[in-house]
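Proteins come first, then strands; the chains are lettered A, B, ... in the order of their sequence lines, and each starts at number 1.
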There are 2 protein chains.
Amino acid sequence: MTIDEGQLKVLLVKRGQDPYKGRWAIPGGFVHENENFRDAAERELVEETAIHIAATHLEQLHTYGEPDRDPRMRVVTVGYLALVPALEAPKAGTNARCADLVPVSNILGSLLPGHLAFDHDVILRDAVDQARTMLETCSVATAFVQEPFSLSQLRAVYEIIWSQRVDTGNFRRKVLSTPGFVVRTGERGTPRRGGGKPPDLYRAGDKVRLDPPIRRLTSGSPSWPGDRKPVPQVSGQYAAFGRDGVSP
Amino acid sequence: MTIDEGQLKVLLVKRGQDPYKGRWAIPGGFVHENENFRDAAERELVEETAIHIAATHLEQLHTYGEPDRDPRMRVVTVGYLALVPALEAPKAGTNARCADLVPVSNILGSLLPGHLAFDHDVILRDAVDQARTMLETCSVATAFVQEPFSLSQLRAVYEIIWSQRVDTGNFRRKVLSTPGFVVRTGERGTPRRGGGKPPDLYRAGDKVRLDPPIRRLTSGSPSWPGDRKPVPQVSGQYAAFGRDGVSP
DNA sequence: TAAATAGTGTCTCTGAGACATTATATT
DNA sequence: AATATAATGTCTCAGAGACACTATTTA
């Protein structure tokens, strides 16, 4: 997942073979012998996107094992979620299959299931839920922005992923009063066109537990339909090519 | 996991075969063809303990797949955590292998790893962490007590799993002010010997999110070494026999 | 200058922490 | 009566929500 053009997006691949030929799917592949899951996830991510792994938050989420989830044979998927900052010009992958960043709202927004191949709708929904919860209790939001970043950029991560407005002052107070969340660089950024005070810049601190958590409105529906302005500094079209995911 | 004799205990089986012959292990087995993970976990639980599944909270935790975790071959374990109330006299299993409830502190208390077979120390530690966190943010504590229960019993669940004192009044206020956490039956329990006011009794409500969460002292070490008095009503020796876990 | 954005301050209110107090039982 | 436990009340304080205000840039 990444934040691009003010939206939460997922990297998906378009399947080139049956089953689900032509449908979007979460990239993945088979774990090698003598390879652990995390290494496998990193390897697949590199193959698909050539993303620089060092700056990536990668985490195991959930394992999917319904017997009929792949019509060909029984396949078990261990789902991993990677949080990556929006990159300007990621290198293309080595393979011929089409991969692209797709807005999450395009897929989960419609209530009809079956947009993605296999049970990947469910997986994606779980991943988004997980990301939302993680922002509440831990300082992972920094994984979505490139360093150095302003607090407005960091706040935008919360607003986009939660689909909720977050108060400037309160957010600032919380972040800065949490030891280790961010580290001030001393630099100041350049204001956006249209004007504005140049923001203080920060780097990510340690991965820290937020206690008490940052609360979001628990209301089921987003309080804030679609009047989002684009997010500062977080922009740039993103497309990559990688090989088709072989397995669900 | 269950709470028994005022302690958090795990059901473990003693391995009858190499590798790790004679060591305690988390019960488990292979998933059948055309069986999903949850059903497999329930089946294994029944085989080991004959526990009545209906009252059981069962949840997938994490998946372990290091290539060398089983010396015989590569085996992937999808870990499930079951929270069950202490039962008075569970039926014995069908198999000859020894199974028993072991206090978690006996295993994780000592800092030396390698008490359990395979990487089960790690799995157990993850499970306990997960249980601790779940109590903070959701109303699962009710899964540990038999209905109807008093608020003191419910509070004891928190105290035992967190190894921390929890204030009577504040706990009460929080639980009762959370809609759906517990439902009052109208009955009153009998006081314990030694005297006391008969407590109001409750049943578990819906599984509800605690927002804001119940906070525990985030300090790493338990604030409260070992001066625990036994827990009210939650008692009764527990032993069961089941077949040896075939796989890690 | 107006507009836009970043940073700061302040008032209030919720809810948790830390008690004290009352109620109802056993011994 | 002494003791034990359950239930209730109360004072205080940390921290979030809401919002106003100041600072510094571009157009």
Side-chain angles (χ1 to χ4, degrees), chain A residues 6 136-137 148-156 158-159 162 164-179 181-182 184-202 210-219 223-224 228-234, chain B residues 6 136-137 148-156 158-159 162 164-179 181-182 184-202 210-219 223 229-234:
Chain A
E136 293 184 281
T137 58
F149 52 84
S150 69
L151 288 190
S152 290
Q153 287 174 287
L154 192 64
R155 189 168 45 84
Y158 279 85
E159 296 191 330
W162 285 353
Q164 250 177 70
R165 285 233 165 270
V166 175
D167 182 87
T168 322
N170 299 338
F171 179 77
R172 184 176 205 75
R173 190 208 303 157
K174 178 69 177 180
V175 171
L176 296 183
S177 71
T178 302
F181 196 153
V182 295
R184 190 159 175 176
T185 64
E187 308 164 288
R188 327 201 72 178
T190 56
R192 293 187 255 169
R193 62 167 182 220
K197 185 175 178 175
D200 293 338
L201 295 183
Y202 299 83
L210 270 35
D211 183 46
I214 306 185
R215 293 177 63 183
R216 64 175 152 144
L217 274 50
T218 159
S219 61
S223 63
W224 170 34
R228 235 343 244 166
K229 283 185 272 188
V231 174
Q233 315 275 10
V234 184
Chain B
E136 293 184 280
T137 59
F149 52 84
S150 70
L151 289 189
S152 290
Q153 287 175 285
L154 192 64
R155 189 168 45 85
Y158 278 85
E159 295 190 331
W162 284 354
Q164 243 177 66
R165 285 233 164 270
V166 175
D167 181 87
T168 323
N170 299 338
F171 179 77
R172 187 178 200 74
R173 190 209 301 158
K174 179 67 178 181
V175 171
L176 296 182
S177 71
T178 302
F181 196 153
V182 296
R184 189 157 175 177
T185 64
E187 309 165 286
R188 325 201 74 178
T190 56
R192 293 186 256 168
R193 65 168 180 220
K197 185 174 177 174
D200 294 338
L201 295 184
Y202 299 83
L210 270 35
D211 183 46
I214 306 185
R215 295 178 61 184
R216 64 175 151 144
L217 273 49
T218 161
S219 60
S223 63
K229 284 185 273 186
V231 175
Q233 315 275 11
V234 182

**Prompt:** So, is A/S152 near the phosphate of C/dA6, with a side-chain N or O under 4.0 Å from OP1 or OP2?
**Reply:**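 Yes.
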
**Asked** Does a side-chain N or O from B/R172 land closer than 4.0 Å to OP1 or OP2 of D/dA7, or not?
**Response**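 Answer yes for this pair, as a side-chain N or O of B/R172 is under 4.0 Å from OP1 or OP2.
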
Note, [X] side chain near [Y] side chain (heavy atom, < 4.5 Å):
X: B/D200; Y: B/T185; value: no
X: A/K197; Y: A/R188; value: yes
X: B/T137; Y: A/T137; value: no
X: A/L201; Y: A/S150; value: yes

**Message:** At under 4.0 Å between heavy atoms, how does the protein contact nucleotides 21-27 of chain C? Give one character per nucleotide, 5' to 3', with B, S or -.
**Reply:** --BBBSS

**Asked** If you check the A/P199 side chain, which of D/dG17, C/dG7, C/dG17 turns out closest?
**Response**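 It is C/dG7.
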
How close or far is atom [atom2] of [N] from atom [atom1] of [X], stated in whole angstroms?
X: A/L151; N: C/dT8; atom1: CG; atom2: C1'; answer: 13 Å
X: B/E159; N: D/dT5; atom1: CD; atom2: C1'; answer: 13 Å
X: B/K174; N: C/dA18; atom1: NZ; atom2: C1'; answer: 17 Å
X: A/R165; N: C/dT5; atom1: CZ; atom2: C1'; answer: 13 Å
X: A/Q153; N: C/dT5; atom1: CD; atom2: P; answer: 13 Å
X: A/E136; N: D/dA16; atom1: CD; atom2: P; answer: 13 Å
X: A/D211; N: C/dA16; atom1: CG; atom2: C1'; answer: 12 Å
X: A/L176; N: D/dG15; atom1: CG; atom2: P; answer: 15 Å

**Item:** Minimum heavy-atom distance A/Y158-A/I214, with the two atoms named
**Value:**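 That would be OH-CD1, 3.6 Å.
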
**Request:** Hey, which sits more toward the 5' end of DNA chain C by its nearest nucleotide, B/P212 or B/G169?
**Result:**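 Its nucleotide being nearer the 5' end, the pick is B/P212.
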
**Message:** On DNA chain C, compare the nucleotides closest to A/R173 and A/D200; which residue's is nearer the 5' end?
**Reply:**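 Here A/D200 is the residue nearer the 5' end.
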
**Message:** For A/R215, is there an ion pair with A/E136 - N to carboxylate O distance below 4.0 angstrom?
**Reply:**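 A/R215 and A/E136: not salt-bridged.
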
**Message:** Pick the closest DNA chain D nucleotide for A/N170 and for B/Y202 by heavy atoms, then say which residue is nearer the 5' end.
**Reply:**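 Closer to the 5' end of DNA chain D: B/Y202.
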
**Prompt:** Taking the nucleotide of DNA chain D with the closest heavy atom to each, which residue, B/D167 or B/R215, is nearer the 5' end?
**Reply:**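 Per heavy-atom nearest nucleotide, the more 5' residue is B/D167.
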
**Item:** Test ring-ring contact (aromatic ring centres under 6.0 Å, His included) applied to A/F181 - qualifying residues, sequence neighbours left out
**Value:**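 Scan of A/F181 (ring-ring contact (aromatic ring centres under 6.0 Å, His included), adjacent residues dropped) gives none.
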
